[in-house]
Amino acid sequence: MAARRVKALLAGRLQQAVRTAFGADEPVDAAQLQTPPPPHEGDLSLGCFALSKKLRKPPAEIAAALAKALPPEKPLAKVQAVGPYLNLTLEAADVIQAAFGPAPAATATGTVVVDFSSPNIAKHMAVYHLRSTMIGNALCRIHRALGWKVVGVNHLGDWGTGFGKLIVGWKRWWDPRQEPTVTDLNALYVRFGQKAKADPKLEEEARAAFLALEKGDGESRRLWQRFRDTSLGEFQKVYDLLGVSFDEVSGESVYEPDLEPTIALLRAKGMVSESEGALVVALPGKEKPCLLKKSDGATLYATRDLAAAISHQKRHAFTRKLYVVDAGQSLHFVEVFAVLAAAGFEWASRCEHVPFGILRFGGKRGRTREGGVVLLKDVLDEATSRALEIIRKNSPDLADAHTVARQVGIGAVVFNDLKNKRTKDIDFDFDEALAFEGETGPYVQYAHVRACGILRKAKEAGIALDPAADLSPLGLPEEKALAWRLSLWGEALERASREAEPSVVAGYVLDLAKALHTFHYKVPVLKASPAETAARLRLMDAARLRLAEGLAVLGIAAPEQM
RNA sequence: GCGCCCGUAGCUCAACUGGAUAGAGCGUAUGGCUACGGACCAUAAGGUUGAAGGUUCGACUCCUUCCGGGCGCACCA
């Protein structure tokens, strides 16, 4: 767990070397130690460009002088100056020891509120909901792993004029004795849209129905609650499949009572004005204002987000709030944060929009070429059945094949979603999302499975895993590479948190799986001397645990067989 | 028109935030089944990093302009 410790130690020593070589006291930051590109020898490298500026000497000269001044003791096996670079090769034994050193205590003490998933009531969860859901879920777990207090919030789209339409549709076309599904609700909504084209009176009726709902009319409220419960029940099935949970399931409706006080608060600060019949906040330096109320008096999305933000800060005193919402809504968040800042809330700067790219099908946004919405559940089911097919072929004797197929199939879809930088647009492709070879979820799971297999076999042979086994028999390049990768975990997590970027963790887990696969291929664990077997089992077990942990952070299961 | 995002191998993407000869996977070609699990390992071919300038000892990365794609730009969320 301690690549950082090794780097800090070496940075300190390098600083000392600068002192002895040049008599100057220049700081050497551990972050300057980077990994040299492949053809070059070494595990860490210092480019002497910054020192060159400070010391006013050519960087190559500095590298050479430091190579001499740096004592080649303990973790260092070799020190060599290559042009302006100082390349450090670490002793394999020390790298391996470092990987098993105590984990640095979690230093983060903040609270992060993560706002994610946020599906709309009376609509299905479609494939494009996967992005917010899994990116947000991963961000929650990344911060928990770092020691943050995390509040994962599902801010449902459960309010707005759409519910007036739904209520009207319900009253006209639904037999209330029947229990509706989400499909039924959605159909009512669509039907309303069609009928309203021919009959404008319907729109008026819908507005009235929503007004009644806002005023707390009993029947409207009961209907709305029913729609909400039905939808939530269906969402939950998908969340169960994905292993996603929330600390707070709220929604826009929850902040309804806060809207007037929020507007009053802004008004008291003299920020609110009227424009074209609407209530707005003018934003300094912006051409267009942020709307609080439509000219008909109804509140808007921005108003509810303002109220929700204020409420979250009051209740959780967050040090960071992340909104995992697609990039198309960037302007909305710019405006909301600007209003909060203008209102004098210093915590406005701690709110971050975490945008992600648009999902498309063959070039069309959110829909297939045929115009249908692709349901998330259908994709997950398809992935599961494809995985099951492969399991039947490769592991016909596997018990509980269905469970494993679900873990592998869904793992493939989720990993595919998280492996790329989130700002990239995605043109969803079944064969790509459901690929099981190469840089995929199943590839990572398979590395874990192979390690589990060897551990199982060891147990059958009566060889117990010794968590305190002597590591000194280790030293092969594959073992060193594996250990070094293990010790980079903390840095990967921190970067993922800093950039709110789960793909950093996905990349880490892929690299670790690659190192483990190579290890499995090249290094015999059980067909070795007892001391080697014990040490390799311990190393392999650490790698497999880390893979499981990394996958868990991404919201992906790590089966023991597949 | 203005603002934000994207443009890297045939395809999908990396590149530790300005450092070395730009790296992976897929696909293609080849090798490894006397396999601690082949959903794997390995070798090879494949590049003017959209274009042109600029800053710098040094640019995929920063600045300017342009080209191409996407998304926004007050009463939807």
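Naming convention: chains lettered A, B, ... in sequence-line order (proteins, then strands); numbering from 1 in each chain. Note that the structure is predicted; figures quoted are calculated from it, not measured.
The shortest distance between the side-chain N/O atoms of A:K457 and the OP1/OP2 oxygens of B:rC36 is not below 4.0 Å. For B:rA77, the OP1/OP2 oxygens have no side-chain nitrogen or oxygen of A:Y301 closer than 4.0 Å. A close approach under 4.0 Å does not occur between any side-chain nitrogen or oxygen of A:Q329 and OP1 or OP2 of B:rC4. Contact check, A:R422 against B:rC6: no side-chain N or O comes under 4.0 Å of OP1 or OP2.
Using a 4.0 Å heavy-atom criterion, one finds that A:E460 contacts no nucleic acid atom at all. If you check every strand for non-hydrogen atoms under 4.0 Å, A:T440 touches nothing. Heavy atoms of A:L300 sit under 4.0 angstrom from primed sugar atoms or phosphate atoms, though from no base atom. Note on A:S275: a base of the nucleic acid sits closer than 4.0 angstrom, heavy atoms only. Nucleic acid contact class of A:E287 (heavy atoms, under 4.0 Å, all strands): none. A:V449 comes within contact range of at least one nucleobase, with a heavy-atom separation under 4.0 Å. Counting non-hydrogen atoms under 4.0 angstrom, A:V523 reaches a base of the nucleic acid. Residue contacts shown for A:N87 include a base, since a base heavy atom lies under 4.0 Å away. A:A327 comes within contact range of no nucleotide atom at all, as no heavy-atom separation falls under 4.0 Å. Across all strands shown, A:P36 has heavy atoms under 4.0 Å from base atoms, whether or not it also approaches the sugar-phosphate. When heavy atoms are screened at a 4.0 angstrom cut-off, A:I454 is found touching base atoms of the nucleic acid. In this structure, A:S52 reaches neither bases nor backbone, as no heavy-atom distance under 4.0 Å exists between it and the strands shown.
Using a 4.0 Å cut-off on heavy atoms, the residues of residues 388-410 of chain A that approach RNA chain B are A:I390, A:I391, A:N394, A:S395, A:V408, listed by number.
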| task | List the steps, then state whether salt bridge (Lys or Arg N to Asp or Glu O under 4.0 Å) holds for A:K393 with A:E389. | result | CA-CA 6 Å; A:K393 198 176 70 198; A:E389 215 174 295; over 6 Å; no

| message | As a quick check of understanding, evaluate salt bridge (Lys or Arg N to Asp or Glu O under 4.0 Å) for A:R538 and A:D466, giving each step before the final call. | response | CA-CA 7 Å; A:R538 188 178 166 196; A:D466 179 3; over 6 Å; no

| A:F116 vs A:H129, side chain to side chain contact (heavy atoms under 4.5 Å, CB included): CA-CA, chis, key distance, verdict | CA-CA 10 Å; A:F116 69 109; A:H129 286 111; over 6 Å; no

Heteroatom pairs (N/O) under 3.5 angstrom, protein to nucleotides 41-50 of chain B:
from: B:rC41; atom 1: OP1; to: A:Y443; atom 2: OH; distance (Å): 2.5

Could you list the protein-to-nucleotides 7-12 of chain B atom pairs, N/O on both sides, closer than 3.5 Å?
from: B:rG7; atom 1: OP1; to: A:K424; atom 2: NZ; distance (Å): 3.1
from: B:rU12; atom 1: O2'; to: A:E432; atom 2: OE2; distance (Å): 3.4

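B:rG72 and B:rA9: their P atoms are spaced 27 Å apart (whole Å). Spacing of C1' atoms, B:rA22 relative to B:rC13, comes out at 13 Å, to the nearest Å. Here the separation of B:rA20 from B:rG58, taken at their P atoms, is 14 Å to the nearest Å. Between B:rA45 and B:rA51, the distance separating the two P atoms is 24 Å to the nearest Å. A gap of 15 Å separates the P atoms of B:rC6 and B:rU64, to the nearest Å. Rounded to the nearest Å, the gap between the P atom of B:rG50 and that of B:rA15 is 15 Å. Comparing the P positions of B:rA14 and B:rU61 gives an interatomic distance of 16 Å, to the nearest angstrom. Taking atom C1' in both B:rC26 and B:rG37, one finds a spacing of 23 Å when rounded to whole Å.
Between A:F227 and A:Y189, a ring centre-to-centre spacing not shorter than 6.0 Å is recorded.
Using the Watson-Crick or G-U wobble rule with both distances under 3.5 Å, B:rA15 pairs with nothing in any strand shown. B:rG53 is paired with B:rC63 under the Watson-Crick or G-U wobble criterion, all donor-acceptor distances under 3.5 Å. With both pairing distances under 3.5 Å, B:rU43 is matched to B:rA29 as a Watson-Crick or G-U wobble pair. The base-pairing partner of B:rG38, taking Watson-Crick or G-U wobble contacts with both distances under 3.5 Å, does not exist among the strands shown. With a cut-off of 3.5 Å on both pairing distances, the Watson-Crick or G-U wobble partner of B:rC2 is B:rG72.
When each of A:G47 and A:H332 is assigned the nucleotide of RNA chain B bearing its nearest heavy atom, the one mapping closer to the 5' terminus is A:G47. Between A:E252 and A:G453, the one whose closest nucleotide on RNA chain B sits nearer the 5' end is A:G453.
Using the six-membered ring where Trp is involved, A:F337 and A:F333 have ring planes that are tilted, between 30° and 60° apart.
In B:rU17 the O4'-C1'-N dihedral to the base is within 90° of 0, which defines a syn nucleotide.
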